[in-house]
Amino acid sequence: MRFKKGDKVEFIYGGTLTQGVVNEIRATNHDISYQIVYFGGEKKIWFAERELLSPAPVLKVPQFVADWISRCKQKGYDLFLSMDYEDSDMSYEMHNWLTFSDENQELFARAWLDGYEVEKEPLYYVQLITNSLGYLNVRNDGRRSLSDSVQNDIFKTQFTEAEIKAMDERYWQFSVLVRDSEGEDNE
């Protein structure tokens, strides 16, 4: 079986490429068929496995790229103007990302034209050196403070790299990558 319950799939219906979700699977000796739910769950239809496609993967871009695309589209820029970093208020980070990689230029153009998702940014704890069990935490008033460290994993505050460096560049050397419940890096 190529698909399992809950998988997104694409199919041609009425001459149009349509997306749906696998709701039920029937396997016989000669064929596998899938019940597909589409149009927000309003309609269901059965297809043979050979009639279904995996949807194209969605492009992922960093948050600053998504912010730039959104800003340019709000200003009414076209794709060409949005990539013209010589004559714009493009951020330094965006300029470097776009300028120093042909792959990033292509990714930007495809994201502009086809859509995108924002990459999940890795999260980190800041482990204090004064107490190897303590971590930098956010206080009740929202301020971050070294004096408000915690020893309990449940209450540790997670930060992005940018947030850590914005507090103090030196904190970055004490960062510890957050692991998810299966022990995988959160990237």
Side-chain angles (χ1 to χ4, degrees), residues 6-10 16-21 38-40 53-129 135-150 155-187:
D7 282 355
K8 292 181 181 178
V9 294
E10 293 182 336
T16 303
L17 183 63
T18 306
Q19 293 187 344
V21 176
Y38 62 106
F39 287 124
L53 302 168
S54 297
V58 177
L59 296 172
K60 296 191 182 240
V61 297
Q63 181 65 55
F64 66 89
V65 174
D67 293 343
W68 180 247
I69 290 173
S70 175
R71 184 175 178 184
C72 289
K73 286 188 175 188
Q74 286 175 354
K75 288 183 169 186
Y77 290 2
D78 61 15
L79 175 58
F80 180 76
L81 282 175
S82 69
M83 294 177 73
D84 184 13
Y85 34 80
E86 298 298 326
D87 199 25
S88 74
D89 55 351
M90 183 183 292
S91 72
Y92 179 75
E93 182 178 33
M94 182 67 205
H95 177 269
N96 283 344
W97 185 85
L98 200 55
T99 304
F100 298 112
S101 169
D102 290 339
E103 288 177 12
N104 286 348
Q105 292 173 8
E106 182 179 337
L107 177 60
F108 182 85
R110 290 180 53 222
W112 179 279
L113 296 169
D114 301 332
Y116 58 89
E117 287 181 359
V118 177
E119 289 175 337
K120 180 180 165 191
E121 195 168 354
L123 298 173
Y124 303 89
Y125 299 122
V126 177
Q127 188 171 19
L128 305 175
I129 60 170
Y135 292 85
L136 182 63
N137 196 23
V138 174
R139 299 179 352 178
N140 288 340
D141 63 4
R143 293 187 357 221
R144 296 179 180 102
S145 171
L146 281 175
S147 62
D148 293 320
S149 64
V150 293
F155 299 108
K156 290 190 289 193
T157 302
Q158 299 176 1
F159 303 99
T160 65
E161 179 178 349
E163 289 171 327
I164 293 170
K165 290 181 175 178
M167 288 184 281
D168 189 322
E169 287 270 342
R170 296 171 292 182
Y171 290 167
W172 180 242
Q173 64 186 317
F174 305 111
S175 64
V176 178
L177 186 63
V178 174
R179 303 229 177 237
D180 67 16
S181 59
E182 289 104 36
E184 303 271 328
D185 292 349
N186 70 75
E187 299 181 278

Might you work through the side chain to side chain contact (heavy atoms under 4.5 Å, CB included) test for V21 and D7, ending with a clear yes or no? CA-CA 6 Å; V21 176; D7 282 355; over 6 Å; no
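- The closest donor-acceptor contact from the side chain of N104 to the backbone of L98 lies at 3.5 Å or more, if one exists at all.
- Counting heavy atoms from C-beta on, the side chains of F159 and Y125 never come closer than 4.5 Å.
- With values rounded to the nearest 0.5 angstrom, N96 atom CG is found 4.5 Å from Y92 atom OH.
- Under a cut-off of 6.0 angstrom, the local environment of CD in E103 is sparse, with at most 12 non-hydrogen atoms contributed by other residues, nucleotides or ligands.
- You'll find the side chain of Y124 reaches within 4.5 Å of the side chain of E161, heavy atoms only.
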Checking V126 against I164 for the side chain to side chain contact (heavy atoms under 4.5 Å, CB included) test, could you report, in this order, the C-alpha distance in whole Å, the side-chain angles of both residues, the deciding distance, and whether it holds? CA-CA 8 Å; V126 177; I164 293 170; 3.7 Å; yes
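- Closest non-hydrogen pair, P55 versus K8, comes out as CD-O, 3.1 Å.
- Annotation: K165, atom NZ; neighbour count of heavy atoms from other residues, nucleotides and ligands within 6.0 Å is above 12.
- Within the 4.5 Å cutoff, the side chain of P62 has no heavy atoms near those of the V118 side chain.
- Closest approach of I69 to A111, counting heavy atoms only: CD1-CB, 4.1 Å.
- Using modelled atom types, one side-chain atom of S175 and one backbone atom of W172 make a donor-acceptor pair closer than 3.5 Å.
- Here the rule is side chain to side chain contact (heavy atoms under 4.5 Å, CB included) with W68, and of E93, Q63, M90, M83 only M90 fits it.
- Within the structure, every pair that satisfies the side chain to side chain donor-acceptor pair (under 3.5 Å) test and touches residues 105-117, not counting sequence neighbours, is listed here: K60-E117.
- Salt-bridge annotation for D78 and K73: absent, with no side-chain N of the basic residue lying under 4.0 Å from a carboxylate O of the acidic one.
- Residues L53 and V9 have side chains not in contact (no heavy-atom distance under 4.5 Å, counting atoms from C-beta outward).
- For the pair L123 and L177, the tightest heavy-atom approach, listed with the atom from each and the gap, is O-CD1, 3.5 Å.
- Side-chain atoms of T99 come within 3.5 Å of backbone N or O of H95 as a donor-acceptor pair.
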Given side chain to side chain contact (heavy atoms under 4.5 Å, CB included), test R71 with D89 step by step and report yes or no. CA-CA 11 Å; R71 184 175 178 184; D89 55 351; 2.3 Å; yes
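- Annotation: the span from E163 atom CD to E121 atom CD amounts to 7.5 Å, rounded to 0.5 Å.
- Inter-residue side-chain proximity for V65 and E119 is flagged as unmet; no heavy-atom pair is nearer than 4.5 Å.
- Atom SG of residue C72 and atom CZ of residue F108 lie 5.5 Å apart, to the nearest 0.5 angstrom.
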